[in-house]
Amino acid sequence: MIVIATDFGIDGPYLGQMIAAIYAQNNQIPVVTLFSDLPTYDIKASAYLLEPHINFFQQGTVFLCVVDPGVGGSRLPIVVKADGRWFVGPDNGLFAMIARRAKLVSYWVISWLPDQLSASFHGRDLFAPIAAELALSGVNDKHMHAVEQVTSDPSWPEDLSEVVYADRYGNAITGIRALTLDNSDRLIVNGTEISSARTFSEVAVGELFWYENSNGLAEIAVNKGSAVAALEIELGAPVVRVLGT
Amino acid sequence: MIVIATDFGIDGPYLGQMIAAIYAQNNQIPVVTLFSDLPTYDIKASAYLLEPHINFFQQGTVFLCVVDPGVGGSRLPIVVKADGRWFVGPDNGLFAMIARRAKLVSYWVISWLPDQLSASFHGRDLFAPIAAELALSGVNDKHMHAVEQVTSDPSWPEDLSEVVYADRYGNAITGIRALTLDNSDRLIVNGTEISSARTFSEVAVGELFWYENSNGLAEIAVNKGSAVAALEIELGAPVVRVLGT
Amino acid sequence: MIVIATDFGIDGPYLGQMIAAIYAQNNQIPVVTLFSDLPTYDIKASAYLLEPHINFFQQGTVFLCVVDPGVGGSRLPIVVKADGRWFVGPDNGLFAMIARRAKLVSYWVISWLPDQLSASFHGRDLFAPIAAELALSGVNDKHMHAVEQVTSDPSWPEDLSEVVYADRYGNAITGIRALTLDNSDRLIVNGTEISSARTFSEVAVGELFWYENSNGLAEIAVNKGSAVAALEIELGAPVVRVLGT
């Protein structure tokens, strides 16, 4: 399976062109779009949002991931293998949390160049063909070479105390893994202190709560309402933990 | 064919994870996304919107439908077979109009539990694998058991006199089947009385009309314009029928 | 490969129903959605936007394209073959630029009628089955007949000096092919004069520039920002070329 995660938006031409580039190499393997709305240009938030979502997919899955404001510049194209899953994309920190949290990680720099490489769309021209090739036949030594290390920022925290995603319901996903919190902990966002619940139906309609979402992240929600609207949350809003007693 | 209808939104992680869960069981069968924007949390409006859209699909189609504000609570997971089509989702009324309008209906309660069941995402963890299994091999008696009846609300009307969907053009779809109206009938929405036409090109540019849409519902539209903007329509706006003379 | 380009919007029922209509005829061939947000009702802008995007796809690709405000009226359904690629849709000018810029063009009028043809959704009922048939087995003489010429407007310019698309980043795509411009040329949009760069990473964060995008169109962008917001650009905004010196 090839899984796509980008900040391209879903209905314009970019996603379709990238999928078509995969099919041009390999139309036997299922292609699934996970995210088309990763935080725009925001490599750090995307890195913390992406990692918890990969655990759902089985080993051998190839992730084609593009948040790439530096496309056309000097950042390298890379392949990461982390605990049996493959990742293809720009070497700009997008895979930093995946690499940090994995037990077993390998890296390659992509040396292959397509016949035509646009300056601004490496997702379509470079990364998609490599992802298709990886899914079909694994590493081709003529197209990439192993390296010891890739870009990461050691100053990044273990968990990101920010809102990194808002969904259609107005739920606000944070970059904090719920396993680092206690159920008695509260979270403060935009001045409001929020207690936890297990799920939506445990709280009254209109009530605000945080919970461990289905991917293991702390998420702020309102039962049958919008936490984003209630707290006027913007992406990047800081989230403060208050220890439970 | 597996057809997906949810209120998840289309570009976040939920749709992709649900499709991946299908492919994990069965990647031979085509998967089509019908709705990702069913009226949020609104089971009743979704029930009236969904039913007229199923007729387009042939017998044997499996519909995976999730509008499920009570996920994680006590509502049961069910399978409905109605006139040869399958429906998988929560037993909260979402399939009430499908069952009521079908000639032949059977029900099952899903007893199977996955190894990992998140509290908030049964679409991915429970309903998707069952939908994939139904598409592959039909009812597995070890995973579900037949029941006599499922949740429905006898007070719900035959047709819902509300706006239940607004599309990208600003057309407002009602929960009223056009076959219950006469071409000479008018509809009143937000104080404006609207006459019928057969199609867009029959009226002048900018003119408001209602017509029987391609799924048989009464729909309010403006030729090359937005009825939603013209009448300031919100989802749930009441629609009043005025008998033609 | 069947490639879909429409103004339907992506998350409502129309795209899914059209894809399902393809699969009902032919579920062996990959289906890719290129655009679901072509300029609404705007045949001319869509014609200039669409043409540069087709070059990415190989010969034999079938494009199913619908921007069709006149559906249900007298405009004819057609098939165009242009330089080895197929196009199915309404004869309203949508394919005018594809035909004009191609070396070798043939036309057919579709005479086939489905058992059930809705007045308002020929994309699903008429064009999708024909596209599936073309992808499977080419022209069926019983379903269409060759004609000499189809609708085009000779007054349309070679390139359209307007903004024809805005993407999720706030980049504004024009209907001007970059090959008709010089790198020293500036573009004026909403009173602001804009110089060119090769790609985003060549200019400072927040800086406005125009560049040749990955499909060959002149595109107005801001590095890590939104040109649409910075210049308050609306679709259809005029673009003026200032000759470089």
Side-chain angles (χ1 to χ4, degrees), chain A residues 2 4 6-31 33 35-43 66-76 90 92 114-129 132 167-168, chain C residues 1-12 15 28-38 49-50 52-58 60-61 63 164-171 173 178 197-203 205-206 209 211-217 219 221-226:
Chain A
I2 293 178
I4 296 177
T6 76
D7 66 349
F8 293 170
I10 197 156
D11 53 4
Y14 312 124
L15 178 63
Q17 288 193 302
M18 201 162 71
I19 293 174
I22 293 172
Y23 286 153
Q25 301 284 328
N26 176 1
N27 68 17
Q28 300 307 304
I29 195 161
V31 177
T33 302
F35 279 104
S36 292
D37 57 350
L38 287 173
T40 314
Y41 301 130
D42 193 335
I43 297 160
V66 190
V67 176
D68 195 13
V71 62
S74 60
R75 65 100 193 92
L76 291 170
N92 59 13
D115 292 338
Q116 292 206 308
L117 178 67
S118 66
S120 57
F121 199 176
H122 291 190
R124 177 190 71 186
D125 298 338
L126 184 61
F127 299 133
D167 69 16
R168 182 168 182 261
Chain C
M1 188 179 298
I2 293 177
V3 174
I4 296 176
T6 76
D7 66 350
F8 294 170
I10 199 157
D11 52 4
L15 179 63
Q28 300 306 303
I29 196 161
V31 177
V32 172
T33 302
L34 178 63
F35 279 105
S36 292
D37 57 351
L38 287 172
L49 178 59
L50 191 54
H53 285 83
I54 68 171
N55 303 304
F56 171 71
F57 297 90
Q58 59 195 8
T61 301
F63 292 81
V164 294
Y165 188 77
D167 68 16
R168 182 168 182 261
Y169 304 102
N171 301 330
I173 300 179
R198 196 183 60 92
T199 188
F200 289 74
S201 53
E202 277 192 356
V203 303
V205 169
F209 66 106
Y211 78 115
E212 175 173 350
N213 75 13
S214 63
N215 294 295
L217 288 170
E219 177 172 322
V222 167
N223 187 16
K224 298 202 186 180
S226 165

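Each chain gets a letter, A, B and so on, in the order its sequence line appears, and its residues count up from 1.
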Under a 4.5 Å heavy-atom criterion, the part of residues 2-11 of chain C in contact with chain A comprises C/I10

To the nearest 0.5 Å, how far apart are [atom1] in [X] and [atom2] in [Y]?
X: C/T61; Y: A/Y23; atom1: OG1; atom2: OH; answer: 13.5 Å
X: A/D37; Y: C/R168; atom1: CG; atom2: CZ; answer: 5.0 Å
X: A/H122; Y: C/S214; atom1: NE2; atom2: OG; answer: 10.0 Å

Tell me which of these, C/D167, C/T33, C/N213, has more heavy-atom pairs under 4.5 Å with chain A than the rest.
C/D167

Select, from C/N215, C/V205, C/L38, C/N223, the one with the greatest count of heavy-atom pairs under 4.5 Å involving chain A.
C/N215

Please name the pair of heavy atoms, one in A/P13 and one in C/F35, separated by the smallest distance, quoted to 0.1 Å.
CD-CE2, 3.3 Å

For residues A/A20 and C/F57, report the shortest heavy-atom separation together with the two atoms involved.
CB-CE2, 3.3 Å

Would you mind checking which part of A/S36 comes under 4.5 Å of any heavy atom in chain C, side chain (CB onward), backbone (N, CA, C, O), both or neither?
backbone

Tell me, for C/T199 versus chain A, whether the close heavy atoms (under 4.5 Å) come from the side chain, the backbone, both or neither.
side chain

Which atoms of C/I173 are under 4.5 Å from chain A, going by heavy atoms: the side chain, the backbone, both sets, or neither?
side chain

Under the side-chain contact (heavy atoms from CB on, under 4.5 Å) criterion, do C/M1 and A/I19 qualify, and how do the steps go?
CA-CA 11 Å; C/M1 188 179 298; A/I19 293 174; over 6 Å; no

side-chain contact (heavy atoms from CB on, under 4.5 Å) between C/F56 and A/R124: does it pass, once the steps are laid out?
CA-CA 10 Å; C/F56 171 71; A/R124 177 190 71 186; 3.3 Å; yes

Heavy-atom pairs under 4.5 Å with chain C, option from A/S118, A/G72, A/G73 with the top count:
A/G72

